[in-house]
Amino acid sequence: MSPKISSFQPFKLATFLLILFLFGVASAQLCPDFYAKTCPGALPAIEMVVRAAVAKEARMGASLLRLQFHDCFVDGCDGSVLLDDTPKMKGEKTAKPNKGSLRGFDVIDRIKAEVEKICPGVVSCADIITIAARDSVVALGGPYWTVLLGRRDSKTANFSGANSDIPAPTLNLTNFTTSFAKKGLSVSDLVTLYGAHTVGQARCTNFRNRIYNETNIDPFYARALRANCPVNGGDNNLAPLDTATPTIFDNHFYVDLIVKKGLLHSDQQFFNGGITDSQIKAYSVNPIAFTEEFGKAMIKMANISPLTGTKGQIRLNCRKAN
Ligand code: HEM
Ligand SMILES: *[C@@H]1O[C@H](CO)[C@@H](O)[C@H](O)[C@H]1NC(C)=O
Ligand SMILES: *[C@@H]1O[C@H](CO)[C@@H](O)[C@H](O)[C@H]1NC(C)=O
Ligand SMILES: *[C@@H]1O[C@H](CO)[C@@H](O)[C@H](O)[C@H]1NC(C)=O
Ligand SMILES: *[C@@H]1O[C@H](CO)[C@@H](O)[C@H](O)[C@H]1NC(C)=O
């Protein structure tokens, strides 16, 4: 036995332990099998509630998908969007982009109740949103992707953050690229994620100016929409974001943009002579490219600043901190 080699071994061991330590502490990473041992029944239970909710009302799939966006863009994917107001804390639900608009909170409550029955205090509300968003897309005929899990829940919400970080539909493309870049998402990610508008509805108040005043809109489409969205009143009257298949997760939203049938000002921004036109054209003729990239982009969005390790908490009730 060579003394040279044995003298190296304590060093090797120390290095090995240091590497292990650094991996464990420095990067508490999300992973697909986070609940495999602690709550194997969670994912099937969540899927069942989502399937039932979407079967009852297809639009709910769209509403649950949108929740992921509005959660992740405000202090990261931490379930903050689900917190109700308290005397001490103004929640995000009454912020401009959410008030009278964001839906699905009751479904999240039902999911949480089911999951708490199986394994109390284990599955975070932030992860429930992520799983429900994916299951919603699948229930609406869209792609499946493997979600990464292990997020923990915030103890507070951020009302002003919801107003500043979720972009308004009245803005233009440069504003959207800026706000997505702030969250580490590229222009290409933005175009792909925005394809979520292939499902769901918008309120008259959000497209009134577009159908009466804008010129980059198909005139027959605009006229037809005016019937249910008068100049005065009817603020909450709904119209589909995708003109043909608003309950099917397909690429038809992009087809609409090509023929100037974007419902929202923000929708048409993506096909308006700018740098995103080419990607819109590509998706409008290639549904597979869109659906494959959508899952990847959702994983990226769901990775925005999660709370992991010992940060935050596992809320017992998604509407309030423990
Ligand atoms: C620049 C970015 C975005 C803007 C300005 C925007 C704006 C809007 C607006 C104004 C509505 C209609 C709300 C209402 O009238 O009540 C809406 C609906 C919706 N948004 Fe977005 N959105 C954006 C990005 C996204 C992203 C990234 C997703 C998901 C990945 C998403 C998913 C949805 C869905 C599914 C609906 C329909 C919800 C329902 O029917 O309940 N949006 N969006
Ligand atoms: C709320 O969001 C804003 C905008 O992103 C951010 O600057 C601020 O630090 C957040 N506040 C808290 C308490 O997290
Ligand atoms: C952005 O919108 C404003 C008004 O809403 C307009 O004046 C400006 O030209 C737009 N910029 C681009 C790059 O489209
Ligand atoms: C949107 O972008 C324009 C420039 O195109 C800028 O002047 C404006 O401040 C931005 N608005 C918001 C709310 O970010
Ligand atoms: C059309 O634009 C004008 C000028 O910006 C505005 O005052 C008016 O309210 C708009 N009309 C509708 C129906 O939104």
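Order of listing sets the numbers, starting from 1, for every ligand and every atom in it.
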With heavy atoms only and a cut-off of under 4.0 Å, state how Leu241 meets ligand 1: side chain, backbone, both or neither.
side chain

In ligand 1, the atoms that come under 4.0 Å of a heavy atom of Ser101 are 13 (C), 14 (C), 16 (O)

Among protein heavy atoms, which lies nearest atom 12 (C) of ligand 2, and at what distance?
Asn158 ND2, 3.4 Å

Between Tyr194 and Ser266, does any side-chain donor sit less than 3.5 Å from a side-chain acceptor?
yes

Could you tell me whether Ser160 and ligand 2 have an N or O pair separated by under 3.5 Å?
no

Side chain, backbone, both or neither: which part of Ser164 comes within less than 4.0 Å of ligand 2 when only heavy atoms are counted?
side chain

Close N or O approach (Asp75, ligand 2; < 3.5 Å)
yes

Atoms in ligand 1 flagged as close to Pro167, the criterion being non-hydrogen separation under 4.0 Å
1 (C), 2 (C), 5 (C)

Is it true that Tyr283 and Phe253 have ring centroids separated by less than 6.0 Å?
no

Below 4.0 angstrom from a heavy atom of Leu193, which ligand 1 atoms are there? Numbered from 1 as shown, please.
27 (C), 30 (C)

Looking at Phe73 versus Phe180, is the centre-to-centre ring distance below 6.0 Å?
yes

Would you call Arg51 and Glu47 a salt bridge, using N to O less than 4.0 angstrom?
yes

Nearest neighbour of atom 14 (C) of ligand 1 from the list Leu173, Asn206, Leu102, Leu190, on a heavy-atom basis:
Asn206

Relative to atom 7 (C) of ligand 1, which among Arg103, His70, Lys99, His197 owns the nearest non-hydrogen atom?
His197

For residues Glu214 and His265, is any side-chain donor paired with an opposing acceptor at under 3.5 Å?
yes

With a cut-off of 4.0 Å, which atoms of ligand 1 are near a heavy atom of Gly200?
37 (C), 40 (O)

Heavy atom to atom 23 (C) of ligand 1, shortest distance: which of Phe176, Phe180, Phe69 holds it?
Phe69

Arg208/Asp235 salt bridge by N-O under 4.0 Å criterion:
yes

Does a side-chain N-to-carboxylate-O contact under 4.0 Å join Lys112 and Glu116?
yes

Hey, is Lys260 close enough to Asp218 for a salt bridge, meaning N to O under 4.0 Å?
no

Taking atom types as modelled and ignoring hydrogens, do the side chains of Arg226 and Tyr212 form a donor-acceptor contact shorter than 3.5 angstrom?
no

Kindly state if atom 9 (O) of ligand 2 has a protein heavy atom within a strict 4.0 Å cut-off, that is, under 4.0 Å?
no

Thr205 and ligand 1 - part of the residue with a heavy-atom distance under 4.0 Å
neither

